[in-house]
Structures are given as structure tokens and as C-alpha cells.
Amino acid sequence: MDKYNFKIIEKKWQNLWEEKKSFKTKIDKKKKKFYCLEMFPYPSGKIHMGHVRNYTIGDVLARYKSLNGYNVLHPMGWDSFGMPAENAARQNNLDPKKWTESNINNMKLQLKELGISVDWDREISTCSSDYYKHQQKIFLEFYDKGLVYRKENYVNWDPVDQTVLANEQVIDGKGWRSGALVERKKLNQWFFKITKFSEDLLNGLEKLNEWPNKVKIMQKNWIGKSFGCEIDFKIEGSSNIDKIKCFTTRPDTLFGFSFLALSVDHPVSNFYKDNNKFEEFKKNCSKTGTTEESIAQAEKIGFKTDLFAVHPLDKNIKVPVYFANFVLMDYGFGAVFGCPAHDQRDLDFALKYKLPIKTVVKPDDEGDDFTVQKEAYDGPGVIINSGIFNGLKAPEDSISKAIEVLENKQIGKKQINFRLKDWGISRQRYWGCPIPIAYDEENNIVKVPDEMLPIKLPDDINLKTQGNPLDHQEDWKKIVINGKNCNLETDTLDTFVDSSWYFLRFCSPKNSSPFDLEEVNYWMPVDQYIGGVEHAILHLLYSRFFLKALNYNTNKIDSDEPFRGLFTQGMVCHETYKDENENWLSPDEVSSDDGKNFFLKNKPSSKVIVGSSESMSKSKKNTINPEEIIKNYGADSVRIFILSDSPPEKDIQWSEQGMMAAHKFIQKFWLLHSEIKKNYIDNLSNKNYKFDEDLEKFTNQLINKINYNLEKFSYNVIIANFHETYNYLKNKLVEKSLSENFLINYSKILSMMMPVVPHLASECLDELNQLKSIKWPDLDKKYLTQSEFNIVVQINGKKKAIIKVNEELEENELISKIKKMKEVSKIFKEKKINKHIYVKNKIVNFIVHD
RNA sequence: GCCCUCGUGGUGAAAUUGGUAGACACAAAGGACUUAAAAUCCUUGCCGCUUGCGGAGUGCCAGUUCGAGUCUGGCCGAGGGCACCA
């Protein structure tokens, strides 16, 4: 019997799918649609195991839905703008465009070799002007709607990448890509007004039932809605300043007021410009927040002004005004009232500057003499030492009462604050979408008119310049708009803009406008979106914003959320290896005889230190190249392995043994199939076969299980189900109990294997001449009802025996039968039965005592 | 510090959601076939006394229940997110 030659067979089917355009989709209103989308890749040149996992999971779903009669949209494209191309081009003196295009061609071939069912006619690439010209139109649309603005602002400046980063792109004070310490810098920047939709973005989360809770909580925290109150404090000591506005969530602790703290960027700071000591203090502040130690230490420091703030409810109380490093300008009003007893930061500050600490909330189980010492109390309790607020239950009654009082006196009002900030989208890079804006000679903003779009990136560019290469392209910058000489904006858009609407473009990738409404309204929303959890906030929040912004004032798109279902898959991990000098080693440099001790392959005397298993990354060299694995084992084997063992949402450990086991399954199954074909199918004319009830039952139970596990994304269990199926069929062959209903059941089984191992299943079905009529098998529920049951016999909740019965047996009959069983009869003789609990066809539990 | 998730054999895990714990696989050991090896097949979760049987058992401690991996509370451990957000 021939071995399964995956090289020939997989190629054969892949060519056939390509020739026939098997996965091409178009609108079909008679069918239910299903939009299956995996996060599109950055074309780095080679696919990695993370891609293999992502796209295999998506492909299983797409093929399953398609077999179920859905009209499935399953497109693929390239997130092809971004820094790696620019860096690679700079280092190797290449053209970023050519570098990117050749990477795309290479990765496309690799994805095809995986056998994924993609409609390649819809392929898009964000770095192509065919794509970004529409993005420029959208930018201008947002501009017209007032959702884009430019302002001078402090930005997170990455000194290595020489670009601005969004807040979300700063991790632990470092750039998310470069890892460099981020600096503060004042620059003119373009912003999307995402904060306009804070409330919508928060409320929208509630409707996303098919999103992981984890992601929704992360977004919720990121948006950071808080309820509170703004309060005006009267200021004394300056003729220029009348009052200062603060935001607080605890207006009920107002009587604990002992200082007022301002951000160093607060407008009041303008009056201290010429004060050298203040400028020095300000410098010190900008240092904190950038280095790791200072975040860890987080020492509260302040600069005392000659101003005093008057207590809004008691004119006799006047407290000093400070500038303080822990107050942020871009949250609230850049000013806080300090209540040391009930806020740890305020307490730290008060202790340092010896300011009064007045306790105004006491826990329920403490007396009125309760005082805060070194630990602020922010728990529930009762208000004390606070005049009219005394005795109120904190926080539920006291906060609303405090707001009411302040509102009546017109010194404060209820206020909701969000942590979310507007999205800075300017990047000082060449390899990104040009912003379709120019500036006239008076530096006024001029929109690039529609007919002049796209603003294309210049082709020949000198990348060896400091900062943004486009800044140095004098010819390119010059543009005449409405007869006026203008200079183009040289910043390009954050690449997250590119990925915020690509799912819309997929619906009508060749349309002359950004998207065709009819197509979008047919396909959207994405029914299942699949990708890494690392995009939980950035990409997913931005995409949600885009849909709301596109619909703002226009309501063109029916769905107001882009992704109905979201699935976040786990990472692919591998052990890490280091040599004796702490250098990372790649798995193929390492060898082992016993699986315990490892040594260098080319130098067996050299020991290798095995480290923890971590997600595959180039820097740790613990990667496995999918291309080679596919070459050695075939796509179906890789697909089996990447789905088996671990549930898709969890991390998976790469193991060579696991890979081999997956391959062994493919080979075993092929062997079994060949035997079936030879011994049975070729002898179909033999009419002596009987109907096999047991097989019918097995198949229907399998359909039930696979359906259940597919819907739950328990793809690892499906692989186990296939192993069980193999074992079952193998036994059938051994028993030679083949039957007249064998072919139909076997075909059903193969159909269910199609989403996971499409090449093998296609080949087997085709050999049986069953491929053309393939569809997802229907479940015949009558085969799910059992006629025989294994009933567990328990004594005091502990399993003692199992009894086999058929359904007709009455409870009384069953009980008396059990009592005669030798496993339990002894117990019944010695003990007395109190009662028993009978769960039909499942369990009998006898409660006994001495 | 706050928020979230997860703790099941040597390993990855399953358990249709409160009813036979460990399906399916990997590894290891033993056995069968073989002159031998590879391949293949069979057996083995743990602790006791030879098979058979008995006992404990899903991080730990309580609780609810006839019955808990599953529900509740507390503790311990691991991972992830946020971090001066007033």
C-alpha cells in the first residue's frame, strides 16, 4: 500500500482550488452570510507559527460555515505600511516598496501552501495607493465632520525611531517597538477626536456578547469613565487669578481639604515663567514619569506658590496652593484638591510638606475619634468633622448630597470624566499614508481637493536623513491648490489608521469609493474576528471608533460595531536554549539523546541550558519555521498539530513529538482509507451487507460532538474526536463488519474532517466519488437516544458499581435489581437504607447508616 | 496598589455545564511479534496488601448539596492588564 504522498496530493488540490477559484465570493441574498476574518499580517517576509495558528483556526471556521450552506467571506490582505520596511530599506539601501512587495509575494505563497480557503481576488495591501487614496478621502470626511483637528501638544517622542507615539504605544515609559525611553516634546500634531465617542464606545461594549470578557474589561478600564464633580475654588493672593476649577470623585471629603495641587502645565504656571526656581522644579517633574526608577519610587514633590485657596463651604478655611508632580494636565482640569486623610497620594504629599491631615470619614466599626495616621482610608463609612455632611453614609449618600449642596450654591456641578484621550495620528515617517493636507504661505490649513487625490508617496527617497525623510523632499512638498502655492503636510498617518477600516474595504475591494454601501451592508459586521489578544485595546478600539465616526451625522452603515464575535487565540511557545556564555540558541542548533540533557549539535561536549518555554520570538531564537515544517510533514499535519493538545485560546507548546504524532495520524488514516477502499468500496456489488445500526449511532453522535465543539471553539477536542473515529473505524475493519450504510456514514465522517484536513478529506472523498455532493452532515436525533444505559450505583455519594439497564426498567425494578448485586449486597446487609436518590438513566445514590 | 483569568496524572489536556474524574494524545516502563533493531500492537494515574480488592484523590481550608473539578467564602501559587486618572 502506498504511503500518503502529501507533497503531490496537497499541491494537486491547492492548484485545483486556485484554478477553479473555489473560494471566490459574491453577494447572494438568498443565502445567510458569514464574514470570517483573521487579523491581517504585517508582511515581514515569512509566515511564523503564530500566523499558522491564527489562519488555521479561521480556516476551520470558514470551511465549516461554508459546508453548512453559508455564503462565506474569507479575505486576506497586508498591513504593509510601517517601520520595519523603512528600517530594512535604510539598512540595506533598498526601496521599501519593492522590499514589501517581494515579502508579500513570498508570504502569499506560504499561506497558499497551508491550504487556507481565501478569496484572493479580494486581496488588499494598505501601502498601495489603491488603498490609501480611500483612506485620504476618509480622513477628509472626518475633517469635514469636525472629527480631526491639529494642535500643539506634548507628545511621547521616541528618540530611537524619531517619531511620536500614541499613549497606547508607550509601555512602561518606553516605545512599544524600539524599547527606548520616551521623552516629552511639544509638537504640532493631528488628532482624531475619539473622545467624542467615549460614551458610545463604552456602551457599545455591552452589546458585544460574543467578545471575551477580558477584552471588554480592558477596553472599559482604558476608557475609564468616572463620576464626580467639578468644584470652583476661589483664589487669594493674586490679582490675575480669580478661581481654579478641580475635578473630584469624592466631593463629600471636601472638609478634609488641606491644599490645592496644580499640574506644572496648568495655565496658572504662565505667571511663574520667570521664576527660576519654578522652572527648575518643572524640569525635575518632566524627568519623573520617564525613567523606570522614578515611576517605582514615585516621590511626591511640590512647589509652593504664594496663592491660597478658599474652602468653598467655609470662607474661614484657606489652604496653600502648590504645583505638584503627581497632577496630570490632561485629566480633569489639571488641578486637584488635596484631602490627605482619604487619598494615599495626598497623604504622602501632606506628610512631606507637614500639611494638616483632617479625618472626615470613619469606618463603621470605629468611633468618632478615628484618625488617619500613615495610611489613607478610602473605604466605606460615615462622614465626620464635616458640618452639614456629618452622619451621612459614605460614599453612597454623601457624594450625591455633596454635589447637591455645591450645585445649589453654584460653586460646583456634577461631571463625568473619561481617561480616554484623543488619538494622535501624526507620525514623522516616510513609509505611511500621506496626510491629505497642505499649508499655504500664511501657514493656514488647506484641504487637498478630492480630484487631486491620492497624494502619493514619492518613489525615490533618500532615507539616510535625520528625522522624517519627507521633510527633505522639497519638490514633493510643493503643491498648488486653487492657484495658491502650498506645502504638503510631511507627517504620515499612524499605521493603526490603515487597519481601522480594512475590513470594510474587503467587502468591495475594487470599488472607486472607499467602500460600496450595498456590499458593506450585506457583509458587515464581521461575524467572527480572530487574532491575538495584544490588540485588545489599540486596534479593536480604533476600529470601533472608525465605524462610529463614519456613521457620525450620516448613518450610512447598518451595523454600529465592526466585529460581532471576537476570538483571541493564544501564542505558540517553545523552550528557550542558551549556551554556556548565555547566548540564545535556536532549536536546530540543539540536540538531546534522552530529552533531559541537551548539548550543541556541532559540539556535543558543550552543554546547553534549557530555559522556560516562551512565545516564539526572533530575539530569543526559539522559533520554528513553518515553511520547513510544511515541507517535511505537509499542511494537513501542521494544521492537525496546531489545533490539537491545547484549546485555541490558550498558549500551545511546540513539540516535535506532537508534530510527528499529527503526521502519524494522517498516514494511519490514509492507510485505513486505502483498506476501506480495497476491501469494501471496490466490492460494492456484494449485496449481502446488512444495515449497521451501531455505525449509524456512532456517526450521529460524532456529528453531535463535532457541532458542539466547533461552536465552542474546542478545536483540540475535535482532533481527539477524529482519533476516536479512527480507532472505531479500525475496529470495524478488524471485525470485517462492513455494511450497506458504510459508505454514506464514512462520507459524512470525511465531510466533517474537511475543515481541518482539507487536502486529505478532498482526496478520500474524491476517490469514493463523493466530493461533488459534499455538505455538512445533518444530525438524525433519533440515534442520539440510547436504548442502554450504564447507571452508576452510589452509596453515600461514592461510586460502588455500574449496572447496565435498558430504558423500560421501572425504578422499583431497578432498585431491587441493584440490591441483588454482589458489589453492594454486602453493604446492604450490614447497614440500613435511609433513602435513595434516582436520577433517571444516570445514577442511583443510596443513603445508608449503621 | 487596583482589576481580570487560571491552578486536574510525568506532560498537553478532556469531562455537553452539579451526576462514572483523567476521553484523546505525548513521554516513560513492562510485555507481544522479530535472529536483532525500527515499525506495529497490548498493559500501566497514585498509595497499600501477589491477581482481586481496599483507600485517598482535581492547589490548600471551610461551606452548600443525596452528590462538588464544576457553586459560595477565605487562603496560597502562576499568568495577564492598568498604574500617580484626583
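Just so you know, these numbers use all the heavy atoms, side chains as well, and skip hydrogens, waters and symmetry mates. Below, chain A is the first sequence line, B the second, and so on; all start at residue 1.
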A.B. asks: Is there any protein nitrogen or oxygen under 3.5 Å from a nitrogen or oxygen in nucleotides 5-11 of chain B, and what are the pairs?
C.D. replies:
none

A.B. asks: Below 3.5 Å between N/O atoms, which protein atoms pair up with nucleotides 18-25 of chain B? Just atom names and distances, please.
C.D. replies:
| from | atom 1 | to | atom 2 | distance (Å) |
| --- | --- | --- | --- | --- |
| G19(B) | N2 | Gln794(A) | OE1 | 3.4 |
| A23(B) | O2' | Glu724(A) | OE2 | 2.9 |
| C24(B) | O2' | His723(A) | ND1 | 3.2 |

A.B. asks: Quick one: Phe665(A) CZ to U40(B) C1', roughly how many Å, whole number?
C.D. replies: 17 Å
A.B. asks: Does the gap between the ring centers of Phe257(A) and Phe233(A) come in under 6.0 Å?
C.D. replies: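 That pair passes the under 6.0 Å test.
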A.B. asks: Distance check, P atoms only: G69(B) and G59(B), in whole angstrom units.
C.D. replies: 10 Å
A.B. asks: Name all pairs fulfilling the salt bridge (charged side-chain N to carboxylate O under 4.0 Å, His left out) condition that reach into residues 790-802 of chain A, sequence neighbours left out, sorted by first residue then second.
C.D. replies: none
A.B. asks: Taking atom P in both C42(B) and C24(B), compute the distance separating them and give it to the nearest angstrom.
C.D. replies: 11 Å
A.B. asks: Taking atom C1' in both G18(B) and C82(B), what distance in whole Å separates the two?
C.D. replies: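 Pairwise C1' distance, G18(B) against C82(B), rounds to 36 Å.
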A.B. asks: Restricting to salt bridge (Lys or Arg N to Asp or Glu O under 4.0 Å), what partner residues turn up for Lys705(A), sequence neighbours left out?
C.D. replies: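 Lys705(A) satisfies salt bridge (Lys or Arg N to Asp or Glu O under 4.0 Å) with Glu724(A) only.
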A.B. asks: Tell me if the side-chain of Lys835(A) makes a donor-acceptor pair with the base of C66(B), cut-off 3.5 Å, by modelled atom types.
C.D. replies: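 Side chain to base: no pair below 3.5 Å.
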A.B. asks: Only counting residues at least two apart or in another chain, list the ones meeting side-chain hydrogen bond (donor to acceptor under 3.5 Å, both in side chains) with Asp346(A).
C.D. replies: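 For Asp346(A), no residue satisfies side-chain hydrogen bond (donor to acceptor under 3.5 Å, both in side chains) once neighbours in sequence are set aside.
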A.B. asks: Of the residues in residues 699-710 of chain A, which ones touch RNA chain B at a heavy-atom distance under 4.0 Å?
C.D. replies: Tyr708(A)
A.B. asks: Could you check whether Ser644(A) gets within reach of a base, just the sugar-phosphate, or nothing at all, counting any heavy atom under 4.0 Å?
C.D. replies: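 No contact at all - Ser644(A) keeps every heavy atom at 4.0 Å or more from the nucleic acid.
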A.B. asks: What's the CG-C1' distance between Leu205(A) and C4(B), to the nearest Å?
C.D. replies: 15 Å
A.B. asks: Could you tell me whether the side chain of Val361(A) reaches within less than 4.5 Å of the side chain of Tyr377(A), counting heavy atoms only?
C.D. replies: yes
A.B. asks: Using a strict threshold of under 4.0 Å (side-chain N to carboxylate O), is an ion pair present between Lys840(A) and Glu811(A)?
C.D. replies: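 Result for this pair is no, no salt bridge flagged.
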A.B. asks: Could you state the CE-C1' distance from Met218(A) to C2(B), rounded to the nearest angstrom?
C.D. replies: 15 Å
A.B. asks: Quick one: is A15(B) close enough that its OP1 or OP2 comes under 4.0 Å of any side-chain N or O from Lys712(A)?
C.D. replies: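 Answer is yes, contact under 4.0 Å.
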A.B. asks: Considering only heavy atoms from C-beta outward, does the side chain of Val372(A) approach that of Pro340(A) to under 4.5 Å?
C.D. replies: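 Result no, sub-4.5 Å side-chain heavy-atom pair not found.
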A.B. asks: What base-paired stems does RNA chain B take part in, with at least 3 consecutive Watson-Crick or G-U wobble pairs and both distances under 3.5 Å?
C.D. replies: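 Expected stems, ordered by start: B:1-7 with B:76-82, B:10-12 with B:24-26, B:28-32 with B:40-44, B:46-49 with B:52-55, B:59-63 with B:71-75.
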A.B. asks: Please report the distance separating the C1' of A68(B) from the corresponding atom of C61(B), rounded so that it comes out in whole Å.
C.D. replies: 15 Å
A.B. asks: Say we look at G67(B) and C3(B): how far apart would their P atoms be, to the nearest angstrom?
C.D. replies: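 My reading of the P atoms in G67(B) and C3(B) gives 34 Å.
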A.B. asks: Select base, sugar-phosphate, or nothing to describe what Val327(A) touches, counting heavy atoms under 4.0 Å on all strands.
C.D. replies: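 Base, at least one base heavy atom under 4.0 Å.
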A.B. asks: Kindly say if Arg419(A) contacts the phosphate of A83(B), meaning a side-chain N or O under 4.0 Å from OP1 or OP2.
C.D. replies: yes
A.B. asks: Compare all side-chain heavy atoms of Leu202(A) with those of Lys220(A) and state whether any distance is below 4.5 angstrom.
C.D. replies: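 Yes; the side chains approach each other to less than 4.5 Å.
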A.B. asks: Under the salt bridge (Lys or Arg N to Asp or Glu O under 4.0 Å) rule, collect the residues that match up with Lys214(A), sequence neighbours excluded.
C.D. replies: none
A.B. asks: If I pick the C1' atom on A15(B) and the same atom on U20(B), what distance separates them, to the nearest angstrom?
C.D. replies: 11 Å
A.B. asks: According to side chain to side chain donor-acceptor pair (under 3.5 Å), does anything in residues 637-650 of chain A pair up with another residue at least two apart or in another chain? List the pairs.
C.D. replies: Asp59(A)-Arg639(A), Ser637(A)-His663(A)
A.B. asks: Could you check G9(B) for me: syn (within 90° of 0) or anti?
C.D. replies: syn
A.B. asks: How long is the gap from CD on Gln415(A) to CZ on Phe333(A), to the nearest 0.5 Å?
C.D. replies: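 Atom-to-atom, Gln415(A):CD and Phe333(A):CZ are 4.5 Å apart.
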A.B. asks: Could you give the distance separating U8(B) and G22(B) at their C1' atoms, to the nearest angstrom?
C.D. replies: 8 Å
A.B. asks: Can you measure Gln657(A) atom CD to A28(B) atom C1' for me and round it to whole angstrom units?
C.D. replies: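 To the nearest whole Å, that distance equals 11 Å.
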A.B. asks: Given the P atoms of A56(B) and G74(B), what is the spacing between them in whole Å?
C.D. replies: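 A56(B) and G74(B) have their P atoms separated by 29 Å.
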A.B. asks: A13(B) phosphate, OP1 or OP2: any side-chain N/O from Ser646(A) under 4.0 angstrom?
C.D. replies: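 Yes.
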A.B. asks: Are the aromatic ring centres of Phe828(A) and Phe846(A) under 6.0 angstrom apart?
C.D. replies: yes
A.B. asks: Can you list everything that forms a side chain to side chain contact (heavy atoms under 4.5 Å, CB included) with Asn727(A)? Sequence neighbours excluded, please.
C.D. replies: none
A.B. asks: Can you confirm whether more than 12 heavy atoms, excluding those of Lys414(A), are under 6.0 Å from its NZ atom?
C.D. replies: no
A.B. asks: Report the distance from atom CG of Asn325(A) to atom NZ of Lys300(A), rounding to the nearest 0.5 Å.
C.D. replies: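 Asn325(A) CG to Lys300(A) NZ: 7.0 Å, rounded to 0.5 Å.
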A.B. asks: How does protein contact run along nucleotides 51-59 of chain B, one letter per nucleotide 5' to 3', with B for base contact, S for sugar-phosphate only, - for none, heavy atoms under 4.0 Å?
C.D. replies: ----SS---
A.B. asks: Is the base of U5(B) syn or anti, if syn means a glycosidic angle within 90° of 0?
C.D. replies: anti
A.B. asks: Just the rounded figure in Å: distance from P of A13(B) to CZ of Phe641(A).
C.D. replies: 12 Å
A.B. asks: To the nearest angstrom, how far is Ile223(A) atom CD1 from C82(B) atom P?
C.D. replies: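 Roughly 14 Å, once rounded to whole Å.
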A.B. asks: To the nearest Å, how far apart are His574(A) NE2 and G12(B) C1'?
C.D. replies: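 After rounding, the reported distance stands at 15 Å.
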A.B. asks: Rounded to the nearest Å, what distance is computed from the CG atom of residue Leu779(A) to the P atom of nucleotide U16(B)?
C.D. replies: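 Atom CG in Leu779(A) sits about 18 Å away from atom P in U16(B).
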A.B. asks: Mind checking whether His266(A) and Phe323(A) have ring centres under 6.0 Å apart?
C.D. replies: no
A.B. asks: Would you please indicate if the ring centroids of Tyr353(A) and Phe259(A) are separated by under 6.0 Å?
C.D. replies: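 That pair fails the under 6.0 Å test.
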A.B. asks: Test of understanding: with ring-ring contact (aromatic ring centres under 6.0 Å, His included), list the residues that count as partners of Tyr726(A), not counting sequence neighbours.
C.D. replies: none
